[in-house]
Every structure is written in structure tokens, then in C-alpha cells.
Amino acid sequence: MFQPVPSKPDFVRQEHEILDFWKRTRAFQKLVELRKDGPRWSFIDGPITANNPMGVHHGWGRTYKDLYHRFWAMKGYQTRYQNGFDCQGLWVEVEVEKELGFRSKRDIENYGIERFVRKCKERVLRFAAVQTEQSIRLGYWMDWNDPEFLRDLARRIMENPQEVITVPGPHGPVTDTVEQIVGRLGLPELGGSYFTFSNENNYMIWTFLKRCWERGWLYKGTDVMPWCPRCATGISQHEIVTEGYQELTHPGVTLRFPLRGRPGESLLVWTTTPWTLTSNVAAAVGPDLTYVKVRQGDEVFYLSKGTLSILRGPYQVLEEMKGRALEGWTYDGPFDELPAQRAAGGPEAHRVILWDEVGEAEGTGIVHIAPGCGAEDFALGKQYGLPAIAPLDEEGTFVDGFGFLTGTSVVGSARRILENLQEKGLLYRVDNYTHRYPVCWRCGSELVFRLVDEWFISMDELRYDMMDVTRQIRWIPEFGLERELDWLRNMHDWMISKKRYWGLALPIWECKECGHFEVIGDEHELRERAVAGWDVFEGHTPHRPWVDAVRIACPKCGAEVSRIPDVGNPWLDAGIVSFSTLRYRTDREYWRQWYPADFITESFPGQFRNWFYSLLAMATVLEKSPPFKVCFGYATLLGEDGREMHKSWGNMIEFNEAADRMGVDVMRWLYCRQKPEADLLFGYGKADEVRRQFLLPLWNAYVFFVTYARLDEWMPGSAGFNLRYNLLDRWIRARLHQVVAKVTERLDDYDAYGATLALEPFLDDLTNWYIRRSRRRFWKSEHDEDKNTAYATLYEVLTTLCKVLAPFIPFVTEAMYQNLVRSVAQADSLRHEAPESVHHTLWPQADPAAVDEGLLARMDLARQIVSVGHAARNSANIKLRQPLARALVYVAQAESLRHGALEEELWALIQDELNVKELVQVADAADLVTYQVLPNNQLLGPRFGARFPAVRAALAAQDPMAVARRVRAGLPVHLTVAQADGLEEVELAPEEVLVQEKPKEGLAVASERGVTVAVDVVLTPELRAEGLAREVVRRVQNLRKEAGFELDDRIVTVYQAEGELAQAIGAWREYIAAETLSVELRAGEPEPGMATAEERVDGHPLRLGVRRI
RNA sequence: GGGCCUGUAGCUCAGUCGGUUAGAGCACUCCUCUGAUAAGGGAGUGGUCAGUGGUUCGAGUCCACUCAGGCCCA
């Protein structure tokens, strides 16, 4: 028999119980085993950065990932279930620096790179453990490592990385040093999540980079890069992203560049970065912009005409000229006294150059050019052969040759520079200027621009191949394709180097003697090529500092060559995973089976230029093929107030807190019911809505079923009755199979949202129509064919719904399944049909034969009639409990035709629902309604075209009643239409005219979409008595409930009432007794110990007493 | 400055192929139902479909432009 079910469930506690159940029964491992011979569905996980606990925004994506894994598994597919952790790169370094209280790279070097790198590994392992636990809590079924195992490795890697340990693996124990076990995580012999710091991941990137080098795409470039002075590293174009810009206020400095050979005359130049003035080389003007020569006091200035408002005080325009007229003029720079300026030849170079990009939106129309301090400046300097002066070292300190600035930081240098300019008399004015300025995306420091050597992959050829590959992929939503192509069209060469410590060791060995460089393709090649330092490196993972020890011989000059100290861009790490995790280097057959991924998904802001991009780049280089077939993107998770979540704004919700306050089924449904391309507003209000409108009704339907099935000891397949589906049964089964088909179709198309749009109305139909209308079938005392059919139908619906919902809300469906299916399937004969977990079951097949479209349409009409009938009753202010004599129903012809005639059973249902003694369908609603005739635009529009408005007007002028009669009788309508070119005789076919009814003014009539219902509001004494009797029943029922009686308790009821009420009770005695399970119903004083109530029924006092027998 | 997306009720959002009177949830007001329901049902209040112009017999829907917001790029 079914187990009793609490009507007020604690979903969160239940989720924890289910987690225990899954763990205890090894439910996930069993699923993998069950599907091991199935067809393959390949998923590649976009790695989550294992650097902090995961947030509720991760929950969104992980819900999709789990949903589709479960769906395909239920369809019989095997999948790889491999989660990924992103491990290397600046973001981890920054957090470790914070942990250790470091402020600069020098602190790291003093601490020791070796220990620092281990600290980074330790942090990653620690947070991988945390994220693993959180993911499990979400119900995300993956091949997870034991979090305690990861924590143990984290401890050991700090204590003694060379300790030899033995750990269990899927194919037997593995013995190695702690460092190497960590380096082998996620590989076939250890299983579990992949970690991008793994040996395989790193060496696979080496292979990729070597391929790029062989094709001549890898190069060292000198460029001016955005640079973070705190992190002391360049920031690539990929990284200056959403949070890469901030609104900042800087001094907007206007200053004089005195012109040589023109005494008293100066260019007016404007900048927001005073420190770059130290390295000024030229001044640029727009060739076609109009410039003016103005006198102010005894000075003469040049600036563009459109920026004259920058001048302070009166001025006189002396002359106008085009920018090209200024070309070649020479001037004295603001810092020509600095040795660095002189050494670089700055003073000799100072002149006016032309640049098309100069505008007048800000400044003076004359742009100060410092090729060592800005990317565009650098390009321009190259074009004009100007020297580039680089004033800053890695940490943003002025280098030698910059006088009073040397040895000081660029941060906060503006004040000293402005003072210096003031002393020299060059400063014209200073204003606050607010603009979007790039900042370091990890530490928030303002970026500067530095002239540096970095390593790049050229996009010249690659971008077009990548675009071809991109077009072969299905992007959901579709605009993803355009986004990705747009990025590919515009992106610069890919900067892959970073002057840091923790990350991919770029496999580039550059000869200091002759400048030649070699790229090493893997660990085997390195061993062969090594001429020194292999013994130092051997046994270590390919990270700094160990790999730095290895030297090779320069093939060009024979010199001993070291690796460049740079580490790699972290998107290399994530981009290689469609090769590294699929054994590309070691088991090509396996790789072929699983590549490309059928599906990937990530939040799309950002990923077009990051993970999607790097996956595409690497697959294009290595195989020139798409690494994934479908890319599903979703938007951004915001707080419920529509703003980004921030701790300081009070709208932040931690994952763990959300999980244990909302419950993760609620969270998961909330995620799935979101249109993915729209930002998700996440919060407790919305969660409560989901709980109340979806999860609770689902649970209530289940509670209802179990409650009565237990009373009746009903079991599936039991009873020995035939099934005879009544109308409601056939209807709900039609709906069920319709919905199963729809959900299957939507999930096949990776449209979880579309699936929820089908499921939510179905649940509503089930609870608010099928169950509500079927209640009496479960209540009645006979155990007959009809009752059995009702149970069987509801059982089929609930168990099927369980399966269809299982991928979305895996916990509550498991709880339901265990009770509905497992608890009654202990007999061996049923075992094979009842796997141990709902997640082991196969996806239900929709039965097209069950989907009776006609019935669905007729039920819609019936429900509409009910709805209109309710509205009619409502307008007369008559309670539904009060029976009425009759209702008149009129259904317009068009509606009847569309739906078909309603069967007797349906009319009975409507009659019962409206609580009327008689239901009369009227053929002519003339007494109920007035008519309105309208042209059928869809037919007449195309027929008459531009002549249509006149036809419409002519029709409107007719007597609606007369037209309606003709149309109703199937006769054409003749019109005389006044067109611009004279009168036109027109004949309209009946179907070309639409007849609508509107209820006549007055009480108790309502009308909607062709359906009109009128109710007879005259109350006879008999009807009144029946209404009162029903009131009494309800009061007794309430009393039973308050007294805590069981559903099937028999009772004794006594009452005290007078007059009309007493008569009504007398007249309806048997009815009241039967409804309330009263074996005795009599007038009298309540006995001592009875539960009692004092009521007023329609103004009459009523005293009740009840007791169990 | 360029690309992509969005703009519909107080809030959050649906709205199919251009076609009759633009819908839902939340919130608010009133009513109602209830032995599955901490629920449910009905009614009411609430709309310049961002704006302008165009195409069309007909535009929330298609086109152009403008405005506002978001994302991406410069």
C-alpha cells in the first residue's frame, strides 16, 4: 500500500533525504551502468572557475546542464557526466595574494614561486570541493570527486607534494606522488571532474601552440597594451569586458605647446592622462577639420573651431584654416628637459601630424601623441616613424631618465605633473572630466598603457576559417551566430602571454643570442630536446618554476635556450577541453566517438569572446571542424529588484542560503521557466510564487491521490475491474499525452522554457479541473468500475507526470515516484517495470491515439460556458452553493462549428458545475442578446482590397438583427455599396459575415467569445431550502476538520436551529447525514465532550455539536 | 561611432502567419469556493502596445527613422 504523505511538506528536508537516498543506493552510478551501451549524447562542460563558492547564477546554467543530461539518459543515451573546473590564471593568483596579504609581484617572489604555485593549486582544490558539494545539493548528477578526497589533496600538496600515495580509480588503485595525482585528476585512470591545471590539459595546449607556430601564426609583438600596475601584467582585449570599464573622473588638462619660430603662439592641447605628457612626441590634427588662430591677451592659440568654448575669457578670432595647413609645424614639448626625452630624440621629433580620427567631441581638436603610452598613438607613431618613449616599469613606476618623477608611481602622479607644468607656465586650464576608463577586471586598479613585448596568435588567416566553422553550429538563440561572427570580424590578434606565475607554462623557448624561438609540442619532445635541467623538472607538473629549469639548444646558433617566463592566457586552458578531456592525444578512437559535443551551454554575456571563441579557435586550428553542434546561451541573473546582485546593495543571495530557504526544486523550476534570452530576476518573492503555483499544487494532487487510495486500499493493477474511461478521464488522458509529446519535442530542441509553458497549464488542468470535477468519484462508498477507473487514470497521470518532470525537479518527483511506484512494486513481477529511481526510468512515449482533439476542443467550450455561467451568477450576486432552477446557454454558430456538439455527459458536467437544476441550450439568443455584425476581414480584405472600407461601412449601416437572421439561415447578404466611382452591388456569403452577440442589459447574463449564459435568479422555497442544507453541510464539514477527525470517521451530529433553517435541515436530513458521514443527525443540545460551533446561516442562528463514534 | 537585443497594465512578462474586442501572473478592491490545496475560482481597477513616418483594405506584429535601456565592439 502507498505510504501516508504529509499534506504540508517540508520540501527542503525532503531534498536532503533524497540526497541521502541517492548516495546510499548509488543511484547515479547505477544510471551510468544502465545506459552504458546506449547511443552517445556528448556534452562538454564549460569549466567553472574553482576560486570561490558558486553563486545562484551558476545554478541557472547548471540546472540546464543537469536537465539535459537527465533527459537524454531517460531516452536511453549514455553520456560522459564530466564536470570541469577552471584552475589556472590571474583570478586565482589575486585571491591567493589576498589570502597571504601580498601587494605586489615582489611579495610573491620573496615568498617563492614554487610555494606560491602550490598555494594556487591548494586554493583550487579547496573550492572545487566546495563547488562539488553545492552542485550535488542542486541535484546535479555528474561524476563528482569525493569532496573530502579533494580537501585531502589540498592539505597534502601544501604539506609534502612529493609524498607517494595510492588512491582508488575506476579501473583500480593509482599510485603516484601527491603532485602528480593532482596533475592527473580527471584523466581516465582517476575519473571525476576535469581540472584545467592537469598535465594533459597543459600538454595538449602545447600541441596546439606548436601547430600555430608551424603555420607561422605565433609571433612576438611589441605593442602598447593595457596594463595593470598592481598585477604587473598586461590585460588582453578579451579581458577588458563588462566590468573592465568604470566611470571615473580625471583631470582634463588643457595646456600650451609653444610653437617654434612663432613667438607668443601656442597649440592648445588636451589630455586626461597627464603622465603621458612626459613621453609626448607629436601633436595630431584632423586634416579636414577647421582650425582657428585666436588672440587672447598677448597670446595667440591654435585650436579647432568646434572647441572654442574651451577658451576662458574673451578672445578674438584672427584666422581660419584647415588642419592640413598646420602639418609639419614644430613645437616645444612639455618635458623636453628630461633625459629620456632627449635620449629618444623627442625634441627633434615634435611636430604636427595629420590623423583622420581626430574629432571635436572633447578637448581642443589637437591630440597629444605619445607612442609609448597608447595603442593608437603607437600605430600612428609607426606610420610617421616617430620614436616611442616608454616611461613606466612593470609596476607603474617611472623609470630612469624622468627627473623628478623617476622612482615614483604613476598612480597619483597627476598632481606633481600639473604643478610642474604650472611652474613652466604651460598650463592653460584644468577641469574634472568623467569618462569610461578601463580598470583591471580582477583587482579594480586603473589601467595604464605600456609598451611591451607580448606573444600573439595571428588572426589574419584563422579568423576566416573560424567563421566558416562558426556557421556550421546551431546557435540558440539564433542571434548568437551574428554575435560570434561580429566578434571574429573585429577581434585583434590573440594575446596569449601574461607576465605572471600561476598558469600554463607557454612552451616557447626563445634564444637570447640570435632571437630565434622554438615551440615545444609536448612532454616527450621536451625530454628529447632538453640539454639541461630535465632532472630538476622530472616528476613535476608542467608549471613554474620547475619547467623553467629545462634548457634546449638553439637550432640556429647552438646557444642554450630558456623558456620565456610568461604564462598563458587562461582561455587557452578552457578552450582546449574538447581535445584534452576526450583523449585526443592518447586514444583517438575515443575522441572520435565523443567529438564534437552535441551540446554546450553557458551564459552568453562574455563567452562569445572567451570560451566559445577559444573552443572555436582551437578546434579550427587542430581539426578545422566545429567542436560543438549546438550552443545554447542564456542571459544574466539579476537581483529581484532588477539590479546586479551585490553584497553591499543587500540583494545578494548566496547559493547555500537559497537552496535551504527555497529548496532547489523551486530554484530549478524558476530557472527553467525563464525565457533564456531575457535577464532573470532572482529572489524569494519569485521563488515563493513558483512554490505556490507549481510545486504545491503538484504535491497536493499527489496527496489527494494517496489519501484516498489508502482509504480504499487501491493498488495499481489491482481490483479486478475493467477500466471504463469517462469523459473526464478521456480528456485528462488526451491532455497528458498531448503534453508529453509537446515536452518531448521541446526538450529535443533544447527548449526547456517551451516545455515549462506546456507543463504549467497542464498541472492547472489536472488540479483545478480534472481532480476538482472528479472528487466525488473518489469519495463515494461503492468500490466500482468507475471508481477504479478514476484511480487508474489519476495514477497514470501522476506517474507519467513524475517522469516528465523528473529532469526539471528531480527531488520531488523522486519522492513521489518512490511512493507511487516503488512502494507498491516490491513483487518481483513488477520489478522490471519499476527501476529503483525515477531517474532510471525511460522517457514516456506519448500515445497519439489518446489525444482526442475533438474532445479537447469540446472541453474547452464547456469550460468557457462554465466560466461565463459563473460570471452570470456573479453579476446577480448569488453564491454558487445556492442551487438555481435553470440556466440558458447560447453558443454561437461559429463556436459550435469549431467545437462540435457537446455530448450529454459534458452538459451534465456544466449543469453540476453551475449548480442549476436544468440547463437549456437555446438556438436563438434573441432574448438574451443583441446582435452585432462584422465583416470577416480575413476573407473580405483580400476580396475587395482597397474597396473594402466602403463595403465595411455599408454592412455597418444594415440592421444587425436582419443580417444576423439571414446569416444564421445560411443566406447571402446583399449590399449596395457607395464607392468613389459609383454604386456597387455586392453579395456577401454567410461565412463572410461574422455575427456576434452581446448580452442584453440586465442581471444574470454574461457573454464572451460567442458564448452567452443566462441564469434564472428566482428562488423558490425548495431551492432556498436546498441552499440552506448545503450551508449546513459545509459548516459541519468545517467543524469536523477543526475537530481533527479523519476523513472516514463516522460521527454523531446534533444541531439547534429554528424556523426556515430547521425545516430545511429536516427536509434534507438524509443528504446532510450522508455528506457529513453522520450516522445520527438530530436536533438537540450538544453533549458534553462534543466539538461545537455557533454559526449564523443566512441570518439564522445554528448551533452544532459533533463527536466521533 | 558601429553591431546585436529589448521597449506591451503600477511591477514581471506572453502575444503564433499582419485579421474580429491586446492577454497572464503579481499587487490592489469586491465577491466566492473548499474534507487535496498555507490553495483555488470569478469580477473590477489598470493600456498613447516608447515615438514619428511608411507599406497595406487592415500594423502590437512588417519597413525606415528617432528616443530610452541592456549587451558587445570601437
Side-chain angles (χ1 to χ4, degrees), chain A residues 5 7-8 237 240-242 357 359 361 376 477-487 489-492 604-606 608-609 635-636 638 640-642 673-675 677-681 685-686 688-689 691-693 696-708 757 760-761 764 767-769 771-772 775 778-779 866-875 877-881 894 913 915 932-952 994 996 998 1006 1008-1010 1033-1034 1036-1042 1045-1049 1075-1077:
Chain A
V5 180
S7 60
K8 288 166 189 171
Q237 185 196 4
I240 301 182
V241 295
T242 336
E357 300 297 309
E376 289 167 318
E478 282 178 25
F479 65 75
L481 173 64
E482 227 7 84
R483 283 270 177 97
E484 190 63 49
L485 290 176
D486 187 55
W487 167 252
R489 268 190 292 268
N490 291 310
M491 84 157 294
H492 304 168
F604 49 52
F608 289 106
R609 73 176 161 260
T636 303
L638 302 174
E640 204 155 29
D641 53 8
R673 74 185 306 289
Q674 170 72 15
K675 194 198 256 184
E677 61 264 39
D679 290 346
L680 168 59
L681 274 47
K686 205 157 197 169
D688 201 47
E689 221 174 283
R691 191 181 59 82
R692 276 182 12 241
Q693 297 203 322
L696 222 41
L698 174 66
W699 187 260
N700 290 334
Y702 163 63
V703 169
F704 174 86
F705 173 82
V706 169
T707 303
Y708 286 97
L757 290 184
E760 287 191 347
D764 188 66
T767 59
N768 286 323
W769 196 244
I771 292 181
R772 195 159 67 78
R775 268 186 298 209
F778 296 92
W779 292 347
V866 167
S867 167
V868 173
H870 281 150
R873 291 189 67 118
N874 210 286
S875 70
N877 244 331
I878 301 168
K879 292 179 179 182
L880 192 50
R881 256 194 312 271
E913 183 69 23
N915 197 15
Q932 188 183 0
V933 294
L934 290 168
N936 187 333
N937 292 341
Q938 222 159 347
L939 298 175
L940 295 178
R943 178 176 160 194
F944 290 104
R947 305 172 78 79
F948 182 40
V951 176
R952 186 188 355 230
L994 300 172
Q996 284 186 357
K998 291 200 159 182
E1008 179 195 295
R1009 286 185 295 146
V1033 168
R1034 193 185 143 226
V1036 176
Q1037 303 288 38
N1038 274 347
L1039 187 54
R1040 281 184 64 119
K1041 202 172 173 183
E1042 281 165 24
F1045 295 173
E1046 295 299 318
L1047 281 180
D1048 53 346
D1049 283 339
E1075 286 293 308
T1076 59
L1077 299 184

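Note on naming: letters A, B, ... go to the chains in the order of the sequence lines (proteins, then strands), and numbering restarts at 1 for each one. Hydrogens, waters and symmetry mates play no part in the numbers below; they use all other heavy atoms, side chains included. Predicted model only: the values in this text are computed from it and were never measured.
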What contact category does [X] fall into here, base, sugar-phosphate, or nothing, at under 4.0 angstrom with non-hydrogen atoms?
{"X": "Arg947(A)", "answer": "nothing"}
{"X": "Tyr708(A)", "answer": "sugar-phosphate"}
{"X": "Arg943(A)", "answer": "nothing"}
{"X": "Pro949(A)", "answer": "sugar-phosphate"}
{"X": "Glu689(A)", "answer": "sugar-phosphate"}
{"X": "Pro942(A)", "answer": "base"}

Checklist line | Distance, C1' atom - from rG58(B) to rU21(B), rounded to whole angstrom | finding: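 Per the computed distance, 15 Å lies between those C1' atoms.
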
rA9(B) and rA24(B): how far apart are their P atoms, nearest whole angstrom?
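About 14 Å, rounded to a whole number of Å.
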
Looking at [N], I'd like to know if its phosphate oxygens (OP1 or OP2) sit under 4.0 Å from a side-chain N or O belonging to [X].
{"X": "Arg1034(A)", "N": "rU34(B)", "value": "yes"}
{"X": "His492(A)", "N": "rC73(B)", "value": "no"}
{"X": "Lys686(A)", "N": "rC26(B)", "value": "no"}
{"X": "Gln693(A)", "N": "rC26(B)", "value": "yes"}
{"X": "Arg772(A)", "N": "rG40(B)", "value": "no"}

Below 3.5 Å is the cut-off: list the nitrogen or oxygen pairs between protein and nucleotides 16-18 of chain B, distance only.
none

Re rC30(B): Watson-Crick or G-U wobble partner, both distances kept under 3.5 Å, found to be rG42(B)

Between the protein and nucleotides 1-11 of chain B, which nitrogen or oxygen pairs come in under 3.5 angstrom?
| from | atom 1 | to | atom 2 | distance (Å) |
| --- | --- | --- | --- | --- |
| rC4(B) | O2 | Arg483(A) | NH2 | 3.1 |

For Phe948(A), the ring pair (Phe, Tyr, Trp, His ring centres under 6.0 Å) test, sequence neighbours excluded, returns none

